[in-house]
Amino acid sequence: MSDLAEEYELDYFEANGFRRMECSECGARFWTRDETRVTCGEPPCETYGFIDNPGFDEEFSLSEMREVFLSFFQERDHERVDPYPVAANRWRDDVLLTQASIYDFQPLVTSGETPPPANPLTISQPCIRMQDIDNVGKTGRHTMAFEMMAHHAFNTREDADGYAYEGEVYWKDRTVELCDTLLGELGAQLDEITYIEDPWVGGGNAGPAIEVIYRGLELATLVFMSLEQDPDGGYLLKDDNSYSKMDTYVVDTGYGLERWTWMSQGTPTVYEAVYPEMIEFLKENAEIDLSDQESAIVHDAARLSGNLDIDDVDDVEAARADIANQLGVDVTRLRRLLAPLEAIYAIADHSRTLAYMFGDGIVPSNVGTGYLSRMVLRRTKRLADDAGVDAPLDELVDMQAKRLGYSNRDTIRDVVRTELERYRETLDRGSRRVEQLAEEYAGDTEPIPTGTLVELYDSHGIQPDMVESIASEYDVAVEVPDDFYALVAKRHGEEPEEQDSNGGEGAAQFAGLPETDRLYYEDQGRLEFEAMVLEVFDREEGYDVVLDQTMFYPEGGGQPSDHGTLSTDDVTGRVTDVQIVEDVIVHSTDDNPGKGEFVRGKIDAGRRRRHMHHHTATHLVGHAARRVLGDHIRQAGAQKGTDSARLDVKHYESITREQIRQIEHVANEYVMDNASVKQEWIDRNEAEAKYGFDIYQGGIPEGEQIRLIHAQEDTQACGGTHVSRTGDVGAIKILNTERIQDGVIRLTFAAGKAAIEATQTTEQTLSEAAEVLDVSPESVPETARRFFEEWKDRGKRLEELKEELAAVRASGGGSGEEIDVGGTPAIIQHIDGDMDELRATANALVDEGHIAVLGSGVDGAQFVVAVPQGVEVNAGEVVGELAEKVGGGGGGPPDFAQGGGPDDDALTDALQAAPDVLRQVLDA
RNA sequence: GGGCUCGUAGAUCAGCGGUAGAUCGCUUCCUUCGCAAGGAAGAGGCCCCGGGUUCAAAUCCCGGCGAGUCCA
């Protein structure tokens, strides 16, 4: 299996008397100083040896431990780098959350495109691993939120060039030496440490890796990322893919801060070492008070559970039975003792997770990271309720946010409270729905079908256990199948194949052409330029022209392309679209300027100006929204047009009209400030260090150098064209807001000339409405309201009049023909009225004991037939016969039917035939 | 990014092609020293919006808007 065996033959191991051994239990290869050792030391081959027996000289708190680690590496030439946000999608678009320190440097640094912020560096990176959510609290060692302490070195091979960093900083020997030395300095017993060979594979990369185990606890993983997937590669690894060596090779280490802290304290579970105050607080709050004997059992159980190989939640039950057995305790009793504690451990961990998420600006939503935060919050709330913790959740999250040093604690609390309220509403809705369902099934012997349970969960978020508890009050059975969540997944079906957007084919023909010089960055106000035509491609309609340089802005960053003309002395082609394909800018024209010709380019000034106004305005509106709504406001998307622009921002509640007014107000203040809008080309790492990751609101640009736009106090990485002073925007008018999904609000606005036009359009609409009502514009709302009320009143009055008319018609006999049908008098009458009148008249006739057959020719031919109770005439059949004569159909209940057809000429004939029809139906 | 569910009286919901309903709340009256409660009468609906199918749409279909939920 370990075909990378030779990779582990380190000088450091040899020089320090290590030997390579094979584990007698699992067969893993490992390195140790202890010749007598037989197992690799990792559970389940061996048990925890540090509980009540700390492995370091001193006890450390979480922050003390972090400081020890970082300063150790700082003293050894590593630069200390500030942690990145837990929302990894802030700087990369392939993942949602930060799960390891190396995520900070993927993909651009690890691939060698961009230099790291420092080399070598050390960091303690907060991470969130949702996949561990079920284990938290139960295993004693899993946490969803953790800090991965690390030291990283980025190397390139001697013979490789063209990378953003060069040469070797250090590699395997130095890495192991640093780790070993750190352990030694902390007072670890060096001959108890094992270094297990465990090649790492992940995401198309691979390399040798070492797990560092001490007294049964995995303290670190040292990964030597140096291989990439390659069908022709010479290394076949455990995922059955072949790999070859890369030009870059990276030291990627991970030291779990929580585990090191735990090791230093030797508490029964990691949670007690990490959040002692919070665990105490929660225990007290939930009134968990154990006797000495019970405490002893819990303590022993914790120690033993660490020894077992619990990697998923199914194992926990089995493990618990095993532990109960070993302690000689009844398993139910053990479960009852442990459950509240496990909940408390999980609550502490989840609160920390939430503090990280909301602290870093994640907004609860039904998509993306927002959805993950919602899931964690709801789960935490359920745990707190089950465990009897009555402290408000926002307080618990705030305890963690305070400890973690977040400054936006008010917003965090507000987010938690808003989201809890939403959850409460969902639960209310859910229980009402389930109660109703249970009532339906009450008295039934059948249980509620599984399909219904799946539907309740999938569409309404109602957990099966909630259905169970409510249904039991109604004595309704519920059977939740073991594979419930698999059934839910099945409902979602196969994931659709990912479609590659085209571009692969089109890009090929532009390959080999030089990068087009982008003049539009040099002087954004210039609108004319000269250039050389490098290539012309025939298109179905028109041509694709490639120049050596251009002033034309290609579509990108949410900004549409420029239009204009390209002219030679002989030809003038209109430019209708401009695209950028791999650094080559392609102009779509309706005429061929000729390859090798000099052309004069002219930009459509009005269109460009409108785009510039809208682009700069987008930055200003975003910044204004941030000031009005809070620091968590971030762009979720944007589109700038000619007549309007739209900006999507993340926000956790719906936005009020007053807030919109404020945003508009603040944005226009920025315009009136007439501050200069500056562009700056800057080193990417420097920009990140100086302005943070919020500069990437519009997307993540490539390259070592990035372009920043400073507008007022707002700074963003942006490739668009901008005006030179905010005053040039002229005016900003917010036209509309809508909630495009949970947690995302779209602001549509117009800037400059478009703002004036939009205002004029609105005003025009209002004036027209005022004219129709013949009032001044200010009175329109009041008048409209009055008219609407009046309209409703008249509708009601009309109804009443119809009723009265019907009564008169019915009592007066009128022009109707009266016949006898099997002893019951029937009135056959032609009334030119609408359905309502016919119905009312028919009802009135029936009240007097008549059969009513009414016909109207107002809208085609329509019939109503009504029969008093107890008379054996089927109204539906009568209407069916009559309607057939006018080319239509009809029906209804036996005592009251309606119908009709398009042929109103046949109405009179049909009514004449009515007596026969009635008698026929009676006889049948 | 994808799936699913729901928009009907002030609130909660039923109706699911054929005369718009229930419960609570509201108004007035009766019973009561008063309150809780009970009795009687009544008001309150662009059945989310726009198109289509149909003799007929709250109901079926399509689109939009709004809300909720599960997943990646």
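Only a predicted model underlies this, so the values are computations on that prediction, with no experimental measurement involved. In what follows, chains are A, B, ... by sequence order, proteins preceding strands, each numbered from 1.
Between the P atoms of B:A37 and B:C26, the separation comes to 10 Å (whole Å). Going from the C1' atom of B:C65 to that of B:C46 covers 16 Å, rounded to whole Å.
Within the nucleic acid shown, A:Lys802 has no heavy atom closer than 4.0 Å to any nucleic acid atom. Residue-level contact check: A:Gly901 touches the backbone only, with heavy atoms under 4.0 Å from sugar-phosphate atoms and none from bases.
In this structure, A:Gln463 places its CD atom 9 Å from P of B:C71, rounding to the nearest Å. In this structure, the CD atom of A:Gln898 is 12 Å from the C1' atom of B:A57, given to the nearest Å. As rounded to whole Å, 13 Å separates atom C1' of B:A72 from atom CG of A:Leu97. Regarding A:Glu837, its CD atom lies at a distance of 18 Å from the P atom of B:U19, rounded to whole Å. In this structure, the CZ atom of A:Arg429 is 9 Å from the C1' atom of B:U69, given to the nearest Å. One can place CD of A:Glu800 at 17 Å from C1' of B:U19, the figure rounded to the nearest angstrom. Residue A:Asp834 contributes atom CG, which lies 14 Å from atom P of B:A56 at whole-angstrom precision. Between the OH atom of A:Tyr485 and the C1' atom of B:C70 there is a distance of 11 Å, rounded to whole Å.
Considering only side-chain N and O atoms, A:Arg378 lies under 4.0 angstrom from the phosphate OP1 or OP2 of B:U69.
Stacking here means ring centres nearer than 5.5 Å and ring planes tilted less than 30 degrees, and by that measure A:Tyr457 does not stack onto B:C70.
Judged by the 6.0 Å and 45° rule, A:Arg90 forms no cation-pi pair with A:Tyr696.
At a cut-off of 3.5 angstrom, the base of B:G3 holds at least one donor-acceptor pair with the side chain of A:Asp458.
Between A:Gln436 and A:Ala861, the one whose closest nucleotide on RNA chain B sits nearer the 5' end is A:Gln436.
Taking the six-membered ring for Trp and the full ring otherwise, the centers of A:Tyr652 and A:Phe358 sit at least 6.0 Å from each other. A:Tyr84 has its ring centre less than 6.0 Å from the ring centre of A:Phe693.
Residues A:Gln559 and A:Glu555 have side chains that never bring a donor and an acceptor to within less than 3.5 angstrom of each other.
Comment: A:Arg424 engages A:Asp428 in a salt bridge, judged by a side-chain N to carboxylate O separation of less than 4.0 angstrom.
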